[in-house]
Undergrad: 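After the structure tokens below, expect a handful of questions from me.
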Amino acid sequence: MKRVYLDYSATTPTKKEVLDAMLPYFSEVFGNPSSIHGFGREAKKVVNESRATIAGFMNADEKELYFTAGGTESDNWAVKGAAKALKNKGNHIITSKIEHHGILHTCESLEKEGFEVTYLDVDGDGLISLEALEAAIKPETVLISIMFVNNEIGTLQPIKEIGAIAKAHGVLFHTDAVQAFGNFKIDVKDMNIDLMSISSHKIYGPKGIGALYIRKGVRLVNFVDGGAQERKKRAGTENVPSIVGFAKAAEIAYRDFDAHVEKLVALRERLRKGVMETIDYCKYNGHPDQRHPGNAHFAFEFIEGEALLLSLDLVGIAGSSGSACTSGSLDPSHVLMAIGLKHEIAHGSLRLSVGDFTTEEDIDYTIKELKTIVERLRMMSPLYDKVTGGK
Amino acid sequence: MKRVYLDYSATTPTKKEVLDAMLPYFSEVFGNPSSIHGFGREAKKVVNESRATIAGFMNADEKELYFTAGGTESDNWAVKGAAKALKNKGNHIITSKIEHHGILHTCESLEKEGFEVTYLDVDGDGLISLEALEAAIKPETVLISIMFVNNEIGTLQPIKEIGAIAKAHGVLFHTDAVQAFGNFKIDVKDMNIDLMSISSHKIYGPKGIGALYIRKGVRLVNFVDGGAQERKKRAGTENVPSIVGFAKAAEIAYRDFDAHVEKLVALRERLRKGVMETIDYCKYNGHPDQRHPGNAHFAFEFIEGEALLLSLDLVGIAGSSGSACTSGSLDPSHVLMAIGLKHEIAHGSLRLSVGDFTTEEDIDYTIKELKTIVERLRMMSPLYDKVTGGK
Amino acid sequence: MYTDQVMDHFTNPRNVGVIEDADGVGEVGNVKCGDIMRIYLKIEDDVITDIKFKTFGCGSAIASSSIATVMIKGKTVDEALALTNKDFVGALGGLPSVKLHCSVLAEEAFKVAVYDYCQKSGKSYAGLEGFDPANADDDHHDHGDEDEE
Amino acid sequence: MYTDQVMDHFTNPRNVGVIEDADGVGEVGNVKCGDIMRIYLKIEDDVITDIKFKTFGCGSAIASSSIATVMIKGKTVDEALALTNKDFVGALGGLPSVKLHCSVLAEEAFKVAVYDYCQKSGKSYAGLEGFDPANADDDHHDHGDEDEE
Ligand SMILES: Cc1ncc(COP(=O)(O)O)c(C=O)c1O
Ligand SMILES: Cc1ncc(COP(=O)(O)O)c(C=O)c1O
């Protein structure tokens, strides 16, 4: 069966170049970077080289980058670490309604500990309002955490403007750049970013490794306590091969940046046009152009997203949905609610994200299959009946 | 130059069989286990098979095992998660003075939040006293965390007896089994263990992956907040290849268990005897026989451990020291202080840990080189002067 | 995730459609929670001679509707009313715990349809005693905190 | 971790040993913090004609002792007193920040030795003014929280 992977926003395959770079660090250069002997020093050296490589792609100093186990841990550390470090200054955090659960659930757990959190609304395209942000800042505000690019609908926030507001008010600014790193040019200095989460497995690197950028001078309470790794800020034996892989993936991403973005946008647009032209009662979500190059997000009326995904899967196509039924929760994705989609439409959502290995044939095949599937599911749907009068 | 790695307690090389098992999960079966499509389901399947494999080796149910980014995260989660979940019941934790920093620094951070921690003493061999443990239990005690096997001096604690005491008093029992898993037979039911930390890179698996066993019915506050992974208990995209590698490493460890232990004990004893017979003013630390099969721990009087390690490194031998100078801290290792070593002796400590790839020639070479190095450093030492009268 | 039986009924759902001159129609669920099930019945001499469904919902909602219609068709109303969602789940070889509510919806859509038939025909069935269609829209979702897989 | 110069002085330390009839001896550090440095001086006409050391300590303690003796030997006492730990660190091509205290120890061991010589000979040197050997044992460790590598 033909298999078409259109879920690059969920995770990416590790590129061959990346895996090749990692291989020597499993069984040959396998030392613990904290050890002072040669085996350890070799490992420490490559960890710090990798750190410098990645830091370079965001215009950070290598001493400002700390490895973690992934984007989620980086989000937890940034938000909990800043909140706890600044709790004598204030207890108010500003974020948005469309953050990843790594931020939202972290904020909820801080609320239980007495912190106050403002969840900014977004407009129909998924953008926060800069005025609302500025208006939400209070003397007690210690942190603003707004994601760079949304993982579901792909919308890009005005990061530099947010950074300027945060700076003007003397408030720390964290951004979850898990979907942005490798797909956008990032300059933490120019954008006034104090804290930034990134993750390797979204950019063709291995899973289970990420990093947190912490601007020099910013103090966080440690999240993982223990040994003296990562300059005493993040304990746990360094995941050397994965760190090497992450750096290689970042290197490839920014080496091939223009071609990558151009290719993804072309494929995504082909997909968007194909779907919008062949399937009616369909909405395209997210910002029309301020968005992730590979992200396409549709909502099909009268049908439910999980059934859509299952049907696509049966013809080898892998996508993702914000439907409640995929996650086992009651409500459709908080992101789709936040952009104002009605429940029935939100339930029929489908994210198709293209990547470096996607082909035009993949896209054309998907458009064709999708049309058949949507029609079939609509024929079963009592809601569609009402539109067609049961015909 | 001959290279002899005798630091298996710090980390181990990933075995070829393990790496081979991991390889398909980087670029072929690369899906996100949370995705409902085929790519995701394949990944989820192997994650759960791996979970079952590892759980089996500790007589746990697969639903009781949660993957983490390593031993340190498991330690943080167990102790912080239990303390926070039970804070209405009490605020007292009992641990020992010789725990890994993953436990000790976690306890210290809880102390800052108002928890009270009792750090049990150990005797000269590194054993806690069961009487002292029982006496330390108060109505407010919510958790006992005692490590299975010490990472420095190798001492094995009476885990089953500790478990029985914890159970009798209705207190949760966590054990840091990072050094024990794969080197001892573990039965969480028989030993009354409620929570147990393990880590892959100590048993010839990849770095950056570990697990926490949580007995069914035990409630912890989540540590990493975010997505619904690991049955909503530990957020973050699952590190699929590393999980597979961890399971393969565990499988090999328990498949070859007897041969592994026998081999390590024989090599370790050859080392111990060789060193003790050829070098005077030397102390062998840790329990004489209740200890990690691969761990040998010496303290050489009149010399300092970092100088020793550097000298060994120059002849290709990799070891480890609890000397203050290796870590940049003021005091020698807390473990060596806890077993009552005087500072001057503790500074001259050397841990040599043998493993599956160690040979008899490695041991004999090490004994020979060590003798030369110790003599050379002693000749430079003003302390040795005082003993030999400057001759 | 799903058993072969679920996938079979999802991909080849039996009895999809509308019965124009149905003797009873029942609809449960709502768009908000993402499941709507409508069941049409043809009843002759207390025997369910035809049954059709339309479902807006996930794979297990569609499969549950399909298996329910298969199991119900040809049975007497009393026999059919004796079936519970557990029977549907059993025939499907199991459902993930977070999806059990789909099978409950199928049971209730059928009951609402029988209720509708009773209203129109003046009949009554013991198996329907105390049944109030107003409660049938209730939320049967199971958060499934513990056993989501 | 260490520069080539540090490793050279660690593996081939210059001037290790004891001067039996030393004109001045200085010892600083203590076993507790893991560094003890003892320096022996031979002084003729205010010139350091010989210098030897014994050190219990880490690689940088040994290298610092060695480089200090090399830089001091042959200098006048005044010239030598003008050397600071920074000069030793510079000559070693740098030391990790957590190890800087080792170079301080070398500077102080030398000063204590000169102090001892002054006590015995009745001499005094401007560079030693205000120097109190009782303070020389102080803890010069830098916790190096920020720049441990
Ligand atoms: C925006 C965003 N933040 C955080 C994460 C979490 O990253 P990780 O899976 O590396 O924990 C993801 C992806 O899962 C994401 O898309
Ligand atoms: C006893 C003990 N606990 C915890 C750890 C931490 O494990 P990890 O390096 O996987 O975080 C180690 C090793 O570093 C250890 O030896």
Undergrad: Regarding Ser333(A) and Glu152(A), do their side chains bring together a donor and an acceptor under 3.5 Å, going by distance alone?
TA: yes
Undergrad: Given a strict heavy-atom distance threshold of 4.5 Å, which part of Tyr5(B) is in contact with chain A: side chain, backbone, both, or neither?
TA: both
Undergrad: Which of these passes side chain to side chain contact (heavy atoms under 4.5 Å, CB included) with Thr358(B): Val4(B), Leu6(B), Leu352(B)?
TA: Leu6(B)
Undergrad: Only pairs of heavy atoms separated by less than 4.5 Å count here; which of Leu104(B), Asp7(B), Asn222(B) has the most with chain A?
TA: Asp7(B)
Undergrad: Can you tell which of Lys15(B), His37(B), Glu28(B) has the highest number of heavy-atom pairs within less than 4.5 Å of chain A?
TA: His37(B)
Undergrad: Counting heavy-atom pairs under 4.5 Å with chain A, which one of Gly71(B), Gly31(B), Ser320(B) comes out on top?
TA: Gly31(B)
Undergrad: Pick whichever of Pro13(B), Cys107(B), Ser242(B) has the most heavy-atom pairs under 4.5 Å with chain A.
TA: Pro13(B)
Undergrad: Contact part of Phe223(A) toward chain B, heavy-atom cut-off under 4.5 Å: side chain, backbone, both or neither?
TA: both
Undergrad: Of the backbone (N, CA, C, O) and the side chain (C-beta and beyond), which part of Leu19(A) lies under 4.5 Å from a heavy atom of chain B, both, or neither?
TA: side chain
Undergrad: Shorter than 4.5 Å, heavy atoms on both sides: which option in Gly245(B), Gly316(B), Ala235(B) has the most such pairs with chain A?
TA: Ala235(B)
Undergrad: Heavy-atom distances under 4.5 Å only: say whether Ser199(B) touches chain A with side chain, backbone, both or neither.
TA: neither
Undergrad: Does Thr14(B) offer a backbone N or O that forms a donor-acceptor pair with the side chain of Ser27(A) under 3.5 Å?
TA: yes
Undergrad: Counting heavy-atom pairs under 4.5 Å to chain A, which of His201(B), Lys16(B), Arg3(B) comes out on top?
TA: Arg3(B)
Undergrad: Over 60° means perpendicular and under 30° means parallel, so classify the ring planes of Phe246(A) and Phe181(A), tilted if in between.
TA: perpendicular
Undergrad: Out of Lys233(B), Arg234(B), Arg231(B), which one pairs with Tyr66(B) under the side-chain hydrogen bond (donor to acceptor under 3.5 Å, both in side chains) rule?
TA: Arg231(B)
Undergrad: Is the ring pair Phe357(A)/Tyr204(A) parallel, tilted or perpendicular, if the boundaries are 30 and 60 degrees?
TA: perpendicular
Undergrad: Which of the residues Asp225(A), Thr12(A), Leu314(A) is involved in the greatest number of heavy-atom pairs with chain B at under 4.5 angstrom?
TA: Asp225(A)
Undergrad: Please identify, among Glu108(A), Arg41(A), Glu73(A), the residue contributing the most non-hydrogen atom pairs under 4.5 Å to chain B.
TA: Arg41(A)
Undergrad: Between Thr68(B) and Ser74(B), do the side chains contain an N or O donor and an N or O acceptor separated by less than 3.5 Å?
TA: yes
Undergrad: Ring centroid separation for Phe39(A) and Phe30(A), is it under 6.0 angstrom?
TA: yes
Undergrad: Can you find a side-chain donor-acceptor pair between Lys207(A) and Thr11(A) that sits under 3.5 Å?
TA: yes
Undergrad: Let me know if Glu238(B) has heavy atoms under 4.5 Å from chain A in its side chain, its backbone, both or neither.
TA: backbone
Undergrad: Counting heavy-atom pairs under 4.5 Å with chain B, which one of Gly319(A), Pro241(A), Ala69(A) comes out on top?
TA: Gly319(A)
Undergrad: Contact part of Asp313(A) toward chain B, heavy-atom cut-off under 4.5 Å: side chain, backbone, both or neither?
TA: side chain
Undergrad: Answer with side chain, backbone, both or neither: which region of Glu113(B) has an atom nearer than 4.5 Å to a non-hydrogen atom of chain A?
TA: side chain
Undergrad: Parallel, tilted or perpendicular for His101(B) and His334(B), by the 30°/60° rule?
TA: tilted
Undergrad: Can you tell which part of Ser35(A) gets under 4.5 Å to a heavy atom of chain B, answering side chain, backbone, both or neither?
TA: side chain
Undergrad: Verify the neighbour count for atom NZ of Lys2(B): are there more than 12 heavy atoms of other residues, nucleotides or ligands below 6.0 Å?
TA: yes
